[in-house]
Amino acid sequence: MIDEIALVKDLQTPSLKEIAFRKLIRTYKERLYWHIRKIVITHEDTDDVLQNTFIKVFKNIDRFNAQSKLYTWLYRIATNEAISFIQKKAKEKNVDLNEYHTSVASTLLHDVLFDGDEIALLLQKAIATLPEKQKLVFTMKYFDEMKYEEISNILETSVGALKASYFHAVKKIENYIKATAH
Amino acid sequence: MIEETKNSEKFIKNTIGNKNPFTTPENYFENIEEDFATKLATNDFPKKNPFKVSEDYFDHLEDTIFSKIDAERKHVNVISLQQKLIKGIPFAAAAAILLFIGFNSFQFNLKETITLDSLSEADLEYWLDSNTLHDSDIATVLEDDIIGENTFYFSEIEDESIEDFLNTDTNSYLLNELK
């Protein structure tokens, strides 16, 4: 467990900024990587988004307000960067977001960095059909096992709305799996 | 013994009271069926993370990010100066043209108001044939136009406003826009 307050103080001190920033990367790189990976799916895209996230954090750390938690702030930036990246990619390919997600999920079968069996692949395809917010809530709750309060702070959405989103996401996934598996 | 137990119970009830000290979160019982259905449905979903990453990926990440930050710092310095120069040229040219025409109008005692739109192509061609844009013209425009690092450093912006901006920033309120 790191001392967030001390780390932020070092990050905002010019002479200590680089050392502190290396510590920040070491502490959060894996958690943020897996969070982003579940949103953008491929390793290459995740690598891009993760680097952009850290660069954005480096540039703006002086303006970080210690009233919110550092990790919440990092997750929020990473989530925004991931969504922004997806929107940009979909625009480049001239397809809507749903089409984009479905096409990315269909590449998983041949992705050497995807280790899932048939049902794991089916789950990813089902997630790809969800609206963006439900997708985020499902991923954060189901895979990352975050508490609703944590997700609420990151996505700036009420716990009630998150529970409803999660419920609808789960139902849609269940229906998708039932319809496809039989 | 039964009597003794009853007496003790009576004592406890009288002293502590009968009120249930436990409470539930608001709307707990209203959502319990939904929560249960959600849990039941997810029981069949696979939980294992199916994604992999190359073994040494995280070992080099710090250095990769720092080399990107360094490259971006250099790039920003060079590009911003170039952009300022390129942006300044049309303004300098326009300013010089207006000054030239304005001066001529004054000389010939014309009463029309001169604007950039009112210049004819012939005026512009004539000016371009007979004048050269000097570095000093550009420098004059740039001097007022360049925003130094200190402009932001010393400006008073509330931390809260900045954080709000950063959280939405170029992503245009992405999270709020999501369905």
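Note on naming: letters A, B, ... go to the chains in the order of the sequence lines (proteins, then strands), and numbering restarts at 1 for each one. Nothing here was measured: the structure is a model prediction, and the numbers come from that model.
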Quick check: do I154(A) and M146(A) have side-chain heavy atoms less than 4.5 Å from each other?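 Result yes, sub-4.5 Å side-chain heavy-atom pair found.
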
Report yes if the side chains of F51(B) and D111(A) come closer than 4.5 Å at any heavy-atom pair, otherwise no.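 Side chain of F51(B) against side chain of D111(A), heavy atoms only: no contact under 4.5 Å found.
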
Is it the backbone or the side chain of [X] that comes under 4.5 Å from a heavy atom of chain B, or both, or neither?
X       : result
F138(A) : side chain
D117(A) : neither
E30(A)  : both
I41(A)  : both
F114(A) : both
E145(A) : side chain
L108(A) : side chain
I119(A) : both
Y142(A) : both
K135(A) : neither

Based on non-hydrogen pairs under 4.5 Å, which of [options] is most in contact with chain B?
options                         : result
K163(A), E18(A), K38(A)         : E18(A)
F58(A), F143(A), F21(A)         : F58(A)
D47(A), L50(A), V112(A), T42(A) : D47(A)
R26(A), Q51(A), R37(A)          : R37(A)
K29(A), R22(A), H43(A), E174(A) : R22(A)
V170(A), T46(A), I173(A)        : V170(A)

Does NZ or CZ of K141(A) fall inside the cone over Y148(A)'s six-membered ring, less than 6.0 Å from its centre and within 45° of the axis?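 Yes, a cation-pi geometry holds between K141(A) and Y148(A).
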
With no hydrogens and no angle check, is any side-chain donor or acceptor of S158(A) less than 3.5 Å from a backbone partner on A161(A)?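 Flag set: sc S158(A) to bb A161(A) pair under 3.5 Å.
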
When you measure from the side chain of T72(A) to the backbone N and O of S68(A), does any donor-acceptor pair fall under 3.5 Å?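 Side chain of T72(A) to backbone of S68(A), a donor-acceptor pair under 3.5 Å: no, none is there.
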
Salt bridge present between [X] and [Y] (N-O < 4.0 angstrom):
X      : Y      : answer
K68(B) : E72(B) : no
D45(A) : K89(A) : yes
K93(A) : E99(A) : no

Apply ring pair (Phe, Tyr, Trp, His ring centres under 6.0 Å) to Y71(A) and Y75(A), showing your working. CA-CA 6 Å; Y71(A) 100 98; Y75(A) 263 78; 5.8 Å; yes

Verify ring pair (Phe, Tyr, Trp, His ring centres under 6.0 Å) between Y28(A) and F54(A), making sure each step is shown before the conclusion. CA-CA 10 Å; Y28(A) 292 103; F54(A) 277 123; 8.1 Å; no

